[in-house]
Amino acid sequence: MEYNFSDIEKKWQEYWTKNGSYKVSNDSPKPKYYVLDMFPYPSGAGLHVGHPLGYIASDIFARYKRLKGFNVLHPMGYDAFGLPAEQYAIDHGIHPAVSTAANIENFRQQMDNMAFCFDWDREVRTSDPNYYKWTQWIFLQLFDSWYDRKQNKAVPLADLITTFEKEGNKAHPCPGDASIQFTAEEWKSFDNRRQQDILMNYRLAFCGYGEVNWCEALGTVLANDEVVNGVSERGGFPVVKKKLRQWYLRITDYADRLLEGLETVDFSDAMKEMQTNWIGKSFGAEIDFDIFRTDEKLKVYTTRPDTLFGVDFMVIAPEHALVNLITTDQQRGAVEEYVAYVNSRSERERMAEKKISGCFTGAYAIHPFNGRHIPIWTSEYVLAGYGTGAIMAVPCGDERDFKFARHFGLDITNIIGDAYNGEEANPTKDAVLENSDFLDGLVMKDAIVIAIRRLEEKGIGIRKVNFRMRDAAFSRQRYWGEPFPIVWENGIATPLDIKNLPLELPHVEKYGPGPEGEGPLSNVPAWTARHLETNTMPGYAGSSWYFLRYMDPHNQEEFCSRKASDYWNQVDLYIGGSEHAVGHLLYSRMWTKFLYDRNLIGYEEPYKRLVNQGMIQGSSRFVYRIETKSSGAPIFASQGIAGIANTPEGHELITLAVRNILNDPNLSFESIGITPIHVDVNIVDGNELDTEAFKKWRAEYANAQFILEEGKYFCGSEVEKMSKSKFNTVNPNDLVAKYGADTFRMYEMFLGPVEQSKPWDTKGIEGVHRFLRKLWRLFFDETKGKVWTTEAPKDAEWKCIYQTIKKVEEATERFSFNTGVSAFMIGVNELTDLKCYKKDVLEKLVIILTPYAPHVAEELWHALGNETSVLDASYPKVEEKYLVESSKNYPVAINGKTRTELNIALDATQQQVEEMVLADEIVKKWLEGNAPKRVVYVKNKMINVVV
RNA sequence: ACCGGGGUGGCGGAACAGGUAGACGCGCAGGACUUAAAAUCCUGUUUGCAGCAAUGCGAGUACGGGUUCGAUUCCCGUCCCCGGUACCA
């Protein structure tokens, strides 16, 4: 009986489907466990071998938890709205709903192939009106809420209106615009429009104005990654910044709680650090500087008010409103030129710029304490969106300020004495201040408070907490997204009644933008006639709360019943890429906190534990075309030959070969041109090209000729991102067909730690396949058939299986699936050596293998005579008594270098060990008659003799 | 530029709390079985030097320093690669 994986896998997949083996109930006496994968975007390219890495890991863990007695929720769905589908629609005229549905079908087929234990009855799609009805509903709750600093939570807007009617807004300063202040009488005197405008500044989902990448030639707003070097990626047309009305989420109101919440979740330190840095909470002061000969004030934010006397110049962002107002006539030309240059650059380019640039405005700020005139510059290294868009530059203490001063030959005042060496800035907080007036003699970190106090007394500055994080832009000028359930009535945003949800996305034939950068919906007369909002929601809207919908996916009355969300509670394990570290994770954490505040769910962190999966990179293969200037057959040189093309030897070799192929005995090359070309990795075995397949691959290569090495064509290789355009994608379907899903799953895990990125190499999969066949042979022999017996196992056999269980269990618990697979291999190798074919041992092996290779496990489980599914077996317990050891082979090192081994009882004392070690011949040799300085003995680890 | 991660044999990787560097697998080499091949099995495989060999000696975890009896692991500095940087998802 052979290991016939395709029959086995088909058989059990049908069995599991027929028996609803993956159906999960919201009602179970077992403890619950929720395993979630990050939502995939169903791209047209389908899944390549890099995508399922996280899904396999989560699937193994979900199945493992099930064997451990948990009621496990492990759902899957699709983040189905998004830009690529819309771009595809524009390019091919296929409606996004149609292409998305087709892509989803393809994804589903690919996933089914890998036998994930998803409960597909719970599938969600963000583009399904039954789903986005609730995205719209949550949006309306955000729209109808504001953040009450007193209670430190989101509350309904109705309460705020009552307060305004009683006492104005003095108790609740306006988060959107601090200058808005009014009494109860004033509030009552405002007309509806004015009142609504004020309320908009409080709402958690609010309207404002923001800059977008506007491309006049394409007539559309572009995403950042569609803009390259200031021009559109498609067509290379100029892109400018354009201000448009936009929706925002006031995520900054949650900044502190997003920080605090990190202490309650099990994310990696790196992840927490990235989020902390993204939120970027800082403490400092806002200071107003008078500007010489104008009435304007320059407001700067600084975290280092202690360095106030080290300010040598000011820098304001080129888009700062003051630039125009304070630039002197002499400088105007230069400043305008500089601002135009900066405008053509993306924020990314500005931040990445190493070259120092800037322009003096001609204006001077006046130092509030010593009246010094401080030149005001503008430079791209200061961004308008952060702080006040202006900084006070202290070159002796800040590296960028220092370089700027050096570059433009500006004065550098030293306020920290010896701590500044004149060669580079010193950002210390521990130096003692000098040249600093009333701060002289103080240690910098103590001076911060004192400086702020003096600024506040003088009325020119205030203590200020600042966040780097900005409010989240929540609208897109696109078609393929959730419509906003908002009607504009005389300039007032009015929510649709809940009974009118979902507001369905209208069908359109054309996806082009509307006038002035408005979204495509502005071209739909039936839409604009109702004065509906023409923007749509961004990609992260639907993915900010999807983990809740899986709990109660068919609920028509609520986004998720409280009973369901209380039962499943937080996601116990969330697996996904670290590319979502700040975007998706912060948004969904904010939404969860909001739903908690409004008492719609019972917890404020969505994900209890987060594991990041690495990327699988592609391993590209190249063929090397020789540039013959001949229109005849393309000629390709094997890698070893192409590599030496321009050595005398290679030159001769290639020349002769080409003459031969082209039948042109007089042909000669001055130098040989070689062009590397990506070749489909699927027609390359290791590095050896299947030349016949290559000829069939593309018409232009049909009569290709090859210069071989040892009769073979070898390709070059390089690790790159896995993508269709590089022909380095591998479809899991092909590997499943060739080796089976069990092999594929185990191989993906065997590649390396899930968290790490690594290149894909199909070659190694055979080793894992061999392992499964070797396992099979513990049960069945090709000729003899059944070989397993019901004999009682010996101690050595028990020891082997319990060691394996222990290693696999520990590896699974810490997501070290690669070492888990290797523990299986070691176990099977040992059982084979022991000739152990005993049911009691093999049955345990089959159970622990279930999460990794469910099909073969189910088959062998039944072969051993079991009637029920192995999915519901219970995980075997380790019997420690078979694992106890009484002695250990200790490595004995001399000065840290291992020289020999000694078998010593585990309970040996230091003295006993020293005696044994010093009596050893090899140790004696190294001691050369001298007494050792020291003998280090670490129990159960090693021995080191110091000479 | 900033934030985060990573760099170990020909390759993927292992070494879990500072204690035998290279488990497991691929590849490669040699051998067994076979008319032959596939499959399977066995042996070897970090590297340099010495030796028929067992083995011995030295070097070695990106690079340069440091702490320690002992460093792939901790600290300082440098280089390279990957992810993110707010409208890709």
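Order of the sequence lines sets the chain letters (A, B, ...), proteins ahead of strands, with each chain counted from 1.
Remark: the backbone N or O of A:V947 is paired with a side-chain donor or acceptor of A:N895 at under 3.5 angstrom. Of the possible polar contacts, one joining the A:R589 side chain to the A:L258 backbone as a donor-acceptor pair under 3.5 Å is found.
For the P atoms, the distance linking B:rG9 with B:rG48 amounts to 15 Å, nearest Å. Nucleotides B:rG13 and B:rG7, compared at atom C1', are 13 Å apart to the nearest Å. On the C1' atoms, B:rU67 is 40 Å away from B:rA54, given to the nearest whole Å. Nucleotides B:rU43 and B:rC26 are separated by 14 Å at their P atoms, to the nearest Å. Spacing between B:rC49 and B:rG84 at atom P, rounded to whole Å, works out to 46 Å. Straight-line distance between the P atoms of B:rC24 and B:rC42: roughly 13 Å, to the nearest whole Å. Rounded to a whole angstrom, the distance from the C1' atom of B:rC33 to that of B:rU40 is 9 Å. One C1' atom belongs to B:rA15, the other to B:rA86, and the distance between them is 40 Å to the nearest Å.
Each of B:rU20, B:rA39, B:rG70 was ranked by its minimum atom distance to the side chain of A:N944; first place goes to B:rG70. Of the listed nucleotides (B:rC41, B:rG56, B:rC88), B:rG56 has the atom at the smallest distance from the side chain of A:K925. The listed nucleotides are B:rC41, B:rG58, B:rC87; the one nearest the side chain of A:N224 is B:rC87. For A:Y41, whose side chain is taken as the heavy atoms from C-beta onward, the closest listed nucleotide among B:rA86, B:rG83, B:rA89 is B:rA89. Distances from the side chain of A:E810 to the nucleotides B:rC87, B:rG83, B:rC16 place B:rC16 closest. Relative to the side chain of A:K721, the nucleotides B:rG83, B:rG13, B:rC57 differ in distance, and B:rG83 lies closest.
The aromatic rings of A:Y852 and A:F817 stand perpendicular to each other, their planes meeting at an angle above 60°, with 30° marking the opposite boundary. Taking the six-membered ring where the residue is Trp, A:Y739 and A:H769 present perpendicular rings, their angle passing 60° and hence far from 30°. Using cut-offs of 30° and 60° on the angle between ring planes, the pair A:W776 and A:F780 is tilted. Ring geometry, A:F750 versus A:Y747: the interplanar angle falls from 30° to 60°, so the pair is classed tilted.
Salt-bridge formation is not detected for the pair A:R125/A:E482: no Lys NZ or Arg NE/NH1/NH2 atom is positioned less than 4.0 Å from an Asp or Glu carboxylate oxygen.
Within 4.0 Å (heavy atoms only), A:K807 reaches no atom of the nucleic acid at all. At the heavy-atom level, A:V935 lies nowhere under 4.0 Å from the strands shown. A:S822 comes within 4.0 angstrom of a base, heavy atoms only. Here A:A270 lies in heavy-atom contact (under 4.0 Å) with sugar-phosphate atoms only. At the heavy-atom level, A:Q477 lies under 4.0 Å from base atoms of the strands shown. A:E579 comes within 4.0 angstrom of a base, heavy atoms only. Residue-level contact check: A:S475 touches the bases, meaning some heavy atom is under 4.0 Å from a base atom. At a threshold of 4.0 angstrom between heavy atoms, the contacts of A:M469 include nucleobase atoms, whether or not backbone atoms are also involved. Residue A:E720 is out of contact with every strand shown, counting any heavy-atom pair closer than 4.0 Å. Among the heavy atoms of the strands lying under 4.0 Å from A:V212 is at least one base atom, whether or not backbone atoms are also near. Across all strands, A:R770 comes closer than 4.0 Å only to sugar-phosphate atoms, never to a base (heavy-atom distances). A:E755 comes within contact range of no nucleotide atom at all, as no heavy-atom separation falls under 4.0 Å. Across all strands shown, A:G583 has no heavy atoms under 4.0 Å from either base or sugar-phosphate atoms. Residue A:W776 is out of contact with every strand shown, counting any heavy-atom pair closer than 4.0 Å.
Against the 90° criterion about 0, the sugar-base torsion of B:rA17 places it in the syn range. Shown here, B:rG31 is classed anti by the O4'-C1'-N9-C4 or O4'-C1'-N1-C2 angle, which is more than 90° from 0.
One interatomic measurement links the two molecules: CD1 of A:I765 to P of B:rG25, which rounds to 16 Å at whole-angstrom precision. Atom C1' of nucleotide B:rC11 and atom CH2 of A:W760 are separated by 14 Å, given to the nearest angstrom. Whole-Å rounding puts the A:H580 NE2 to B:rC88 C1' distance at 10 Å. Rounded to whole Å, the distance from CG on A:N940 to C1' on B:rA15 is 15 Å. Between A:Y78 atom OH and B:rA89 atom C1' the separation is 16 Å, expressed in whole Å. Taking atom CG of A:L610 as the reference point, atom P of B:rG4 lies 17 Å away to the nearest angstrom. For the pair A:F771 CZ and B:rA39 C1', the computed distance is 18 Å after rounding to whole Å. At whole-Å resolution of the value, CG in A:L585 and C1' in B:rG4 are 14 Å apart.
Between A:W278 and A:T819, it is A:T819 whose nearest contact on RNA chain B lies nearer the 5' terminus. Between A:E766 and A:D833, the residue anchored closer to the 5' end of RNA chain B is A:E766, taking for each the nucleotide with the nearest heavy atom.
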Which nucleotides of RNA chain B pair, in dot-bracket form (Watson-Crick or G-U under 3.5 Å, | meaning another strand): (((((((..(((......[....)))((((((.......))))))(((((....)))))..(((((..]....))))))))))))....
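With no hydrogens or angles considered, a side-chain donor-acceptor pair links A:D91 and A:Q87 at under 3.5 Å. The closest side-chain donor-acceptor pair between A:N728 and A:S620 falls under 3.5 angstrom. A:Y41 and A:N103 are not linked by any side-chain donor-acceptor pair at a separation below 3.5 angstrom, with hydrogens and angles left out of the test. At a cut-off of 3.5 Å, with distance as the only test, a side-chain donor of A:S475 or A:Q246 sits close to an acceptor on the other residue.
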Evaluation steps, side chain to side chain contact (heavy atoms under 4.5 Å, CB included), between A:F5 and A:D742: CA-CA 8 Å; A:F5 59 83; A:D742 287 338; over 6 Å; no
Please write out the pairs of protein N or O atoms and N or O atoms of nucleotides 44-48 of chain B separated by less than 3.5 Å, giving the distance to one decimal.
none

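A donor N or O paired with an acceptor N or O is not found under 3.5 Å between the base of B:rC3 and the side-chain atoms of A:N277.
Shown here is A:K242, whose NZ atom has more than 12 heavy atoms of other residues, nucleotides or ligands within 6.0 Å.
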